[in-house]
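Report on the structure given below.
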Amino acid sequence: MLKIFEAHTEEAQEFINRLNLRGRLDDEVILKTVRRILQDVRKNGDAAVIKYTRKFDAPRIAVKDLRVKAKEFDDAQSHVDREFIDAVRLARQNIERFHRKQLRNSWFTAEENGVLLGHMIRPLKRVGVCVPSVSQLLVSSLIMNVVPAKVAGVEEIAVFMGPMRNRKINPHMLVAAAECGVQEVYKCGGAQAVAAMAYGTETLPKVDKIVGPGNSFVQLAKKEVYGMVDIDKLAGPSEVLVIADQSAEPAFIAADLISQAEHSEDSSAILVTPSRTLAEQVRKEVELQTKVLPRQSELTGAFENHSAALVVPDLAAAINLANAIAPEHIELEVERPFEWIGEIRNAGAILVGPYTPESVGDYIAGPNHILPTGGAARYASPLNVDDFLKKTSVISYTESALKKVTPAVVKLAQVEGLDGHAAAMTTRFDRNQD
């Protein structure tokens with residue numbers, strides 16, 4: 001199930017090249033459908049939202065059903081157990097504590113001649129969160145998106161989730177939303193939800209930013225509406241890359257590769273190691289452990305098409321290869337991991353040591369699990385509090401301070417051919433001379 005390649009071979013390079021193409025958002029058929037849905041919702045509002053929600057999710061839903069009512073939140077409480085609520089609260093507390101450390105303050109500084117410069121930091125007013133809740137029940141993604149927005153001080157957070165066929169939202173999702181302080185939840189998912197958030201309808205107020213995971217329809221819809229609203233990132237298939245040496249436990253590595261592969265058929269689970277023996281042991285463990293798991297289609301697709309063990313000469317080569325791939329997650333399971341961690345340049349998250357599986361990062365640890373995928377870790381960061389803040393510059397000059405810099409401004413404006421800019425400076429002092 002898990003292929004093993006020597007990293008220097010053409011076969012390995014072909015695998016890496018295919019990996020780099022995985023998850024590209026260039027499907028013209030999907031894009032055509034997405035654009036039709038966006039245009040329809042923009043033109044017809046609620047009617048279009050209901051049409052597509054009936055088609056894809058709940059055949060009998062009506063406009064009056066779109067917003068989750070207080071009674072539905074109350075009823076959801078009786079359908080989940082105490083252990084679930086305690087787990088959600090622990091996750092929320094850890095995530096909130098971590099993200100509070102990211103908060104920054106506005107600042108002002110007084111320069112010479114009375115010049116005042118500043119940077120005002122304020123939260124966005126309204127954010128929309130789209131979260132899968134039918135084909136996949138992503139409670140953790142709901143928490144990961146909502147908590148940083150709450151910490152940032154966003155006034156209005158609207159969560160959009162596709163309903164089940166009975167027009168209800170899974171109670172675990174509603175309880176998680178309530179535990180995170182969200183009461184504005186809509187029974188709407190897919191591209192139509194993105195359209196409603198971007199354009200607004202009679203029932204669904206538009207937002208300033210759209211965040212959250214989703215399938216290719218959701219991601220392409222986010223890409224299309226970017227500019228009218230902000231978006232977090234374009235999320236591709238999930239990825240984990242484990243760097244391990246001969247000291248690592250094969251069963252641990254196999255379990256961690258499987259935990260990522262089970263997301264979907266296009267997930268990627270990679271082992272990079274200088275030990276061919278370890279690679280063989282991990283392959284056996286993968287075959288053994290996957291036999292008893294339910295998501296066979298996802299596991300088979302991921303391991304057959306997008307996963308491999310790559311054998312390299314040494315750990316330095318392993319780090320270089322990992323940086324070139326720039327995966328969503330890197331697990332560092334080597335004898336002295338903190339001697340190597342500084343060499344990892346491109347990763348959404350680094351999980352260090354044999355007792356830090358990706359699962360703990362996905363749910364409980366505190367750092368955000370909304371991470372750059374598809375090589376975007378070369379330039380992008382995890383979702384964080386800054387994603388829900390905007391910055392405004394403040395500039396104040398006195399007369400004497402402006403006069404001092406006028407020659408420089410005039411010269412630069414003249415070089416650019418912008419005489420009006422130059423005049424906006426000189427007119428203040430020409431008038432005074434008159």
Side-chain angles (χ1 to χ4, degrees), residues 96-129 145-158 197-200 205-212 222-234 345-346 348 367-368 370-372 376-434:
E96 182 177 326
R97 182 165 58 248
F98 179 87
H99 286 80
R100 284 202 176 280
K101 297 180 187 298
Q102 298 174 352
L103 280 169
R104 293 188 289 170
N105 296 319
S106 299
W107 56 266
F108 294 88
T109 181
E111 304 287 338
E112 60 183 57
N113 297 328
V115 173
L116 180 70
L117 302 175
H119 200 59
M120 292 176 61
I121 299 176
R122 289 172 289 192
L124 302 179
K125 186 177 191 305
R126 182 170 172 80
V127 167
V129 180
N145 280 280
V146 168
V147 170
K150 282 281 186 180
V151 170
V154 175
E155 294 178 35
E156 301 173 15
I157 301 173
M197 286 186 265
Y199 307 132
K206 67 181 295 185
V207 303
D208 300 316
K209 182 166 187 168
I210 301 171
V211 301
K222 286 166 64 177
K223 186 177 181 180
E224 286 292 299
V225 301
Y226 175 65
M228 178 163 293
V229 293
D230 192 16
I231 63 171
D232 52 351
K233 52 178 58 68
L234 298 175
R345 186 178 185 88
N346 299 329
N368 210 289
I370 309 297
L371 302 169
R378 291 179 294 107
Y379 56 81
S381 305
L383 189 75
N384 60 82
V385 169
D386 273 357
D387 286 303
F388 301 98
L389 300 172
K390 58 180 181 176
K391 294 88 175 177
T392 303
S393 299
V394 177
I395 306 168
S396 176
Y397 268 65
T398 62
E399 181 180 1
S400 61
L402 187 68
K403 188 172 185 179
K404 185 175 180 180
V405 300
T406 290
V409 174
V410 168
K411 181 62 177 178
L412 293 171
Q414 289 173 340
V415 167
E416 292 185 350
L418 298 175
D419 292 343
H421 280 63
M425 300 292 289
T426 58
T427 189
R428 285 167 163 77
F429 302 108
D430 293 343
R431 182 175 300 178
N432 289 345
Q433 291 174 3
D434 293 342

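Predicted model, so just to flag it, every value in this text is computed and none were measured. FYI, side chains are in, hydrogens and waters are out, and symmetry mates aren't considered; it's all heavy atoms of this structure.
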Are [X] and [Y] side-chain neighbours, meaning at least one heavy-atom pair lies under 4.5 Å?
{"X": "Asp387", "Y": "Pro148", "value": "no"}
{"X": "Leu117", "Y": "Ile395", "value": "yes"}
{"X": "Leu402", "Y": "Arg428", "value": "yes"}
{"X": "Val127", "Y": "Val207", "value": "no"}
{"X": "Tyr397", "Y": "Val405", "value": "yes"}
{"X": "Phe388", "Y": "Val151", "value": "no"}
{"X": "Thr426", "Y": "Thr406", "value": "yes"}

Indicate the atoms forming the closest heavy-atom contact of [X] with [Y], along with that distance.
{"X": "Ala413", "Y": "Ala422", "result": "CB-N, 3.8 Å"}
{"X": "Asn384", "Y": "Ser381", "result": "ND2-CB, 4.4 Å"}
{"X": "Ile157", "Y": "Ala149", "result": "CD1-CB, 3.7 Å"}
{"X": "Ala152", "Y": "Val385", "result": "CB-CG1, 3.8 Å"}
{"X": "Pro123", "Y": "Val154", "result": "CB-N, 3.8 Å"}
{"X": "Pro382", "Y": "Pro372", "result": "N-CD, 4.0 Å"}

Assess the residue pair Ile121 and Leu389 against the criterion (side-chain contact (heavy atoms from CB on, under 4.5 Å)); give the C-alpha distance rounded to whole Å, side-chain angles, the decisive distance to 0.1 Å, and a yes or no. CA-CA 7 Å; Ile121 299 176; Leu389 300 172; 3.7 Å; yes

Quick one, Lys222 with Asp232, criterion salt bridge (charged side-chain N to carboxylate O under 4.0 Å, His left out). Give me CA distance, side-chain angles, the key distance, then yes/no. CA-CA 9 Å; Lys222 286 166 64 177; Asp232 52 351; 2.7 Å; yes

Got more than 12 heavy atoms from elsewhere within 6.0 Å of NZ, Lys391? yes

Please say whether more than 12 non-hydrogen atoms of neighbouring residues, nucleotides or ligands are located less than 6.0 Å from CZ in Phe108. yes

First locate atom [atom1] of [X], then atom [atom2] of [Y], and finally report the distance between them rounded to the nearest 0.5 Å.
{"X": "Met120", "Y": "Lys390", "atom1": "CE", "atom2": "NZ", "value": "9.5 Å"}
{"X": "Lys411", "Y": "Gln414", "atom1": "NZ", "atom2": "CD", "value": "6.5 Å"}
{"X": "Glu96", "Y": "Lys101", "atom1": "CD", "atom2": "NZ", "value": "12.0 Å"}
{"X": "Lys223", "Y": "Ile231", "atom1": "NZ", "atom2": "CD1", "value": "9.0 Å"}
{"X": "Ile370", "Y": "Asn145", "atom1": "CD1", "atom2": "CG", "value": "4.5 Å"}

Considering only residues two or more places apart or on different chains, which pairs with a residue in residues 115-127 satisfy side-chain hydrogen bond (donor to acceptor under 3.5 Å, both in side chains)? Arg122-Thr392, Lys125-Glu156, Arg126-Glu156, Arg126-Glu184

Below 4.0 angstrom, N of the basic side chain to O of the carboxylate: do Glu399 and Lys403 qualify?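 No salt bridge links Glu399 with Lys403.
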
Between Asp386 and Arg104, does a side-chain contact (heavy atoms from CB on, under 4.5 Å) hold up when you go through it step by step? CA-CA 9 Å; Asp386 273 357; Arg104 293 188 289 170; 3.0 Å; yes

Those residues that, when tested against Lys209, pass side chain to side chain donor-acceptor pair (under 3.5 Å) (two or more places apart):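 Only Asp230 meet the side chain to side chain donor-acceptor pair (under 3.5 Å) criterion with Lys209.
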
